[in-house]
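Every chain is numbered from 1 and lettered A, B, ... according to where its sequence line falls, protein lines coming before strand lines.
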2 protein chains.
Amino acid sequence: MNASRTARERARAELTREIKEEARRQLAASGAQGLSLRAVSRELGMVSSALYRYFPSRDELLTALIVDAYDAVGERAEKADREAAGDGLRARWRAVCHALRDWAVEHPHEYALIYGSPVPGYAAPEDTIAPATRYPFVLIGIAQDAATAGHLAADAPAPAGRLAGQLQGISDAMAPDVPPAAMARLAAHWSQLTGMIGFELFGQFANTLDPADDFFAYSVDRMADDLGFPA
Amino acid sequence: MNASRTARERARAELTREIKEEARRQLAASGAQGLSLRAVSRELGMVSSALYRYFPSRDELLTALIVDAYDAVGERAEKADREAAGDGLRARWRAVCHALRDWAVEHPHEYALIYGSPVPGYAAPEDTIAPATRYPFVLIGIAQDAATAGHLAADAPAPAGRLAGQLQGISDAMAPDVPPAAMARLAAHWSQLTGMIGFELFGQFANTLDPADDFFAYSVDRMADDLGFPA
DNA sequence: ACAATTTCGAGAGCACTGCTCTTGACTTCG
DNA sequence: CGAAGTCAAGAGCAGTGCTCTCGAAATTGT
């Protein structure tokens, strides 16, 4: 009935946490492919079959790590946005964009887990899609604030047809004052962020834009220009 | 000395091709993770160890598939660009961008192989970086033609410092008339393309911008606007 | 307080993986 | 013809995810 349940339950929560911790360590060391249940259990001093009491399959363990990663990046972005709240739209935009990249550079394998190619044969279950929206929602929130402040640019051709409906659907759910054209811009920028970070992390910029710090910062500012955020 | 060498050499070339074909089939069916040398050899009616006469390791086979994929997407883009050559800059831009997406949708696993997260523990060897530049080079070529025709927009803040040098380096090597600001735009667009395609392929657009045809087409046109290509 | 139930770790085992090494047969070339 | 080079096959190693069973322990119901 109380917070500290039975000894068994506390032990179970503790071990579940330790398993995820060790799994994350292995993830960082050798990637999703190298995540081995046997190695995790070995490191924890237990036998491999015992792990299945905590995660019914390797995929379930992966799912747990994915959800944690989405939450981590979401929380980081929300914190960055909060801390830049008083400094204007452009500062918030910068902070949230750089929060994503910083987290990605710090945790490349976890980033790859959520924004890279999916582990083949693994289908992301429903539980992952709610945490996945947390980061983009911060971006959209800035645009929403910009819209109510009259600082959101709207000089692009209005999307038509099905696209207009899709964009309106997003607005209705998350940012009622952001018009479809701006929402399309936002989605494009969001794509571009992951594209740039992916290129940087996965080595596509080798010999050209690597190190990519300056390119990223420059591009983030151009996005802010594009959205009409005041300098 | 002549084109048809010894029977042995012809047999070897033939088998090498067949191995890659079967490997690509398995890749399409179950992804890079599911690519099993044993399964390939089984399908080809040979024993697994025999495969090592042709590819010294699984990674070498992957590398061969990666190079082939880069070449395939590069060739597709060059063809699209050629066929749209008479229709103006915007038509060429559209054609080349859609060529990438079409190829990606047709070969999602091969696309993931080259633009997704790298297979952990696998380091892309030098041989892959030349074919990798083939596609972006087509994009840059359009910008170069636009620049000489005086149709390349240049109304963004000029990049400074290290970034300016990096961009200039790309221009020097591939497109002497494209100024740094435009080259930065181009790199951003190139990032955005892979970002959008990645989102579409890897399911990040589920429930929002999926199907993504219209969003992609709309965004590609906004990029052309941004580059100043005449309608 | 004692019995019934649930939870847990351990171990054996299955079918699979990439990869190495050795063996014997075949082809090519001097 | 015979030496040199090439090839497929087979056995074997160390590793994987996962299942099943078994006995011990903790929890729960009476």
Problem - Residue pairs passing the side chain to side chain donor-acceptor pair (under 3.5 Å) test where at least one lies in residues 64-73 of chain B, sequence neighbours excluded - result: A/Gln204-B/Tyr70, B/Lys20-B/Asp68, B/Arg24-B/Asp68, B/Asp71-B/Arg134
Practice task
May I have all residue pairs that pass side chain to side chain donor-acceptor pair (under 3.5 Å) and include part of residues 43-54 of chain A, sequence neighbours excluded?
Solution key: none
Practice task
Mind checking side-chain hydrogen bond (donor to acceptor under 3.5 Å, both in side chains) for B/Glu18 and listing every partner two or more places apart, or none if nothing turns up?
Solution key: none
Handout entry: Nearest-0.5 Å distance, SG of residue B/Cys97 to CZ of residue B/Arg92
Key = 12.0 Å
Could you pull out all donor-acceptor pairs under 3.5 Å where a side-chain atom in residues 206-218 of chain A meets a protein atom, sequence neighbours excluded?
residue, atom, partner, partner atom, Å
A/Thr208, OG1, A/Phe205, O, 2.9
A/Asp214, OD2, B/Arg162, NE, 3.2
A/Tyr218, OH, B/Pro157, O, 2.5

Exercise for the section: Please report how far the helix from C/dA1-D/dT30 to C/dG30-D/dC1 bends, comparing the axis fitted to its first five pairs with the axis fitted to its last five, to the nearest 10 degrees. Expected result: 10°
Practice task
Could you tell me whether B/Glu78 atom CD has more than 12 heavy atoms of other residues or ligands within 6.0 Å of it?
Solution key: yes
Exercise for the section: Take atom CG of B/Leu61 and atom P of C/dG18, then tell me their distance rounded to the nearest Å. Expected result: 10 Å
Practice task
Could I get the full list of salt bridge (charged side-chain N to carboxylate O under 4.0 Å, His left out) partners for B/Glu106, not counting sequence neighbours?
Solution key: B/Arg76
Handout entry: B/Glu83 and B/Lys79 ion-paired at < 4.0 Å
Key = yes
Exercise for the section: Output yes when a side-chain donor or acceptor of A/Ser117 lies under 3.5 Å from a complementary backbone atom of B/Ser117, and no otherwise. Expected result: yes
Exercise for the section: Could you tell me the separation between the CG atom of B/Leu51 and the P atom of D/dA9, rounded to a whole number of Å? Expected result: 11 Å
Exercise for the section: Just call it for B/Phe55: base, sugar-phosphate, or nothing, with non-hydrogen atoms closer than 4.0 Å on any strand. Expected result: nothing
Exercise for the section: Indicate yes or no: does A/Arg12 engage A/Glu9 in a salt bridge with an N to O separation below 4.0 Å. Expected result: no
Practice task
Using whole Å, report how far CD of B/Gln26 lies from C1' of C/dT17.
Solution key: 13 Å
Using a cut-off of under 3.5 Å, enumerate the N/O to N/O pairs linking the protein to nucleotides 23-27 of chain D.
residue, atom, partner, partner atom, Å
D/dA26, N3, A/Arg8, NH2, 3.1
D/dT27, OP1, A/Ala7, N, 3.2
D/dT27, OP1, A/Arg8, N, 2.7

Problem - Test salt bridge (charged side-chain N to carboxylate O under 4.0 Å, His left out) applied to B/Glu21 - qualifying residues, sequence neighbours left out - result: B/Arg17
Practice task
Tell me, please, which residues at least two apart from B/Asp221 pass salt bridge (charged side-chain N to carboxylate O under 4.0 Å, His left out).
Solution key: B/Arg90, B/Arg94
Problem - Any residue meeting salt bridge (charged side-chain N to carboxylate O under 4.0 Å, His left out) with B/Glu110, in chain and number order, not counting sequence neighbours - result: none
Handout entry: Residues within residues 12-19 of chain A bordering DNA chain C, heavy-atom distance below 4.0 Å
Key = A/Arg12, A/Leu15
Practice task
Assign a letter to each nucleotide of nucleotides 12-21 of chain D from its 5' end: B, base within under 4.0 Å of a protein heavy atom; S, sugar-phosphate only; -, no contact.
Solution key: B---BBBBB-
